[in-house]
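Order of appearance sets the numbers: ligands from 1, and atoms from 1 within every ligand. Keep in mind that what you see is a predicted model, and the values were worked out from it rather than measured.
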Amino acid sequence: VLNEDTYPYEVIEEIADFITKGSGMRPRIGIICGSGLGSLADMIQDPKIFEYEKIPNFPVSTVEGHAGRLVVGTLEGATVMAMQGRFHFYEGYPLAKCSMPVRVMKLCGVEYLFATNAAGGINPRFAVGDIMLMHDHVNMLGFAGNSPLQGPNDPRFGPRFPALVNSYNKDLINKAIEIGKAMGIESNIHVGVYSCLGGPNYETIAELKALRMMGVDAVGMSTVHEVITARHCDMKVFAFSLITNKCATEYSDKKDEEANHEEVMAVAKNRQKACCELVSRLIREIHMA
Ligand code: 6GU
């Protein structure tokens, strides 16, 4: 199973060449748009668009609310490439395939990965619509023996045994907090721990209780394998969760505590503007520095 879905360096290089030649650009910042946050890519100026199905050797995403294209262009003066639509483990892809586009970004020249997602809030202080800047993660798929780095290691990407402490760049977190203040939304911005589960089902109450005890603040079905792949090849990582629903961690009969995809998409749509502003202002700061 593993080897069939491992992408050799040369294949990743071919895809990266296809994108840099096709766009005439070498992007410096990569963005992964979470559920309902596709408008992050719509901000890109003079976009060159690559539908996933037209990119050689690229997987095709299947989730509702996720387009399926790469957008290359400029944002706040910086050259960027954005994934509108990501690949999830629950779609049936192995993790190495899910995060393969991060390696494509690397070989296109990307130094910074911005990963976003919609997540359930476990920390009781979080409200729907809040933004949680990720400063660490608990990789439940890793606990279960799964990693995007399984299989042969190609040292051109990174080391066999990469460290993951300080994966989430502190300077970028601090800059984002400052931007949140300047935007007047500091009370809606938190810093916390994200956990990725396999999905596609949402969690049971007992699972959510267990995650809370482990120090998890928000839970979702993505991002962690992308961050691992990005850190392996030494990219700087900034990631945040948009809290689209509050998770119950006590038993109750209230139906409104059940997570559902429609609610997730509706909240994301409502908060797209704030998320776009945060991302564009942070990119501006990186570009100006
Ligand atoms: Cl409650 N759980 C998971 N796993 N992913 C989510 C979510 C919950 N809400 C949005 N995405």
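Under 4.0 Å from any atom of ligand 1, one finds heavy atoms of residues A118, A119, G120, Y202, E203, V219, G220, M221, T244, N245, C247, A259, V264.
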Side-chain polar contacts of residues 163-176 - donor-acceptor pairs under 3.5 angstrom, sequence neighbours left out - could you list them?
unit_1: N166; atom_1: OD1; unit_2: K170; atom_2: NZ; d: 2.9
unit_1: S167; atom_1: OG; unit_2: L164; atom_2: O; d: 2.7
unit_1: Y168; atom_1: OH; unit_2: H137; atom_2: ND1; d: 2.7
unit_1: N169; atom_1: OD1; unit_2: D171; atom_2: N; d: 3.1
unit_1: N169; atom_1: OD1; unit_2: L172; atom_2: N; d: 3.0
unit_1: N174; atom_1: ND2; unit_2: K170; atom_2: O; d: 3.4

Which pairs of donor and acceptor atoms, one on a side chain in residues 187-197, lie under 3.5 Å apart (sequence neighbours left out)?
unit_1: N188; atom_1: ND2; unit_2: D130; atom_2: OD1; d: 3.0
unit_1: H190; atom_1: NE2; unit_2: D130; atom_2: OD2; d: 2.7
unit_1: Y194; atom_1: OH; unit_2: M221; atom_2: N; d: 3.3
unit_1: Y194; atom_1: OH; unit_2: S222; atom_2: N; d: 3.2
unit_1: Y194; atom_1: OH; unit_2: S222; atom_2: O; d: 3.2
unit_1: S195; atom_1: OG; unit_2: V138; atom_2: O; d: 2.9

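The cluster map of Ile, Leu, Val, Met, Phe, Trp and Tyr, joined by side-chain heavy atoms under 4.5 Å apart, puts Y202 and I122 in different clusters.
To the nearest 0.5 Å, the span separating NE2 on H88 from OH on Y93 amounts to 10.5 Å.
Distance alone, capped at 3.5 Å, places no donor-acceptor pair between the R103 side chain and the L107 backbone.
Partners of E207 under the salt bridge (Lys or Arg N to Asp or Glu O under 4.0 Å) rule, at least two apart in sequence or in another chain, do not exist in this structure.
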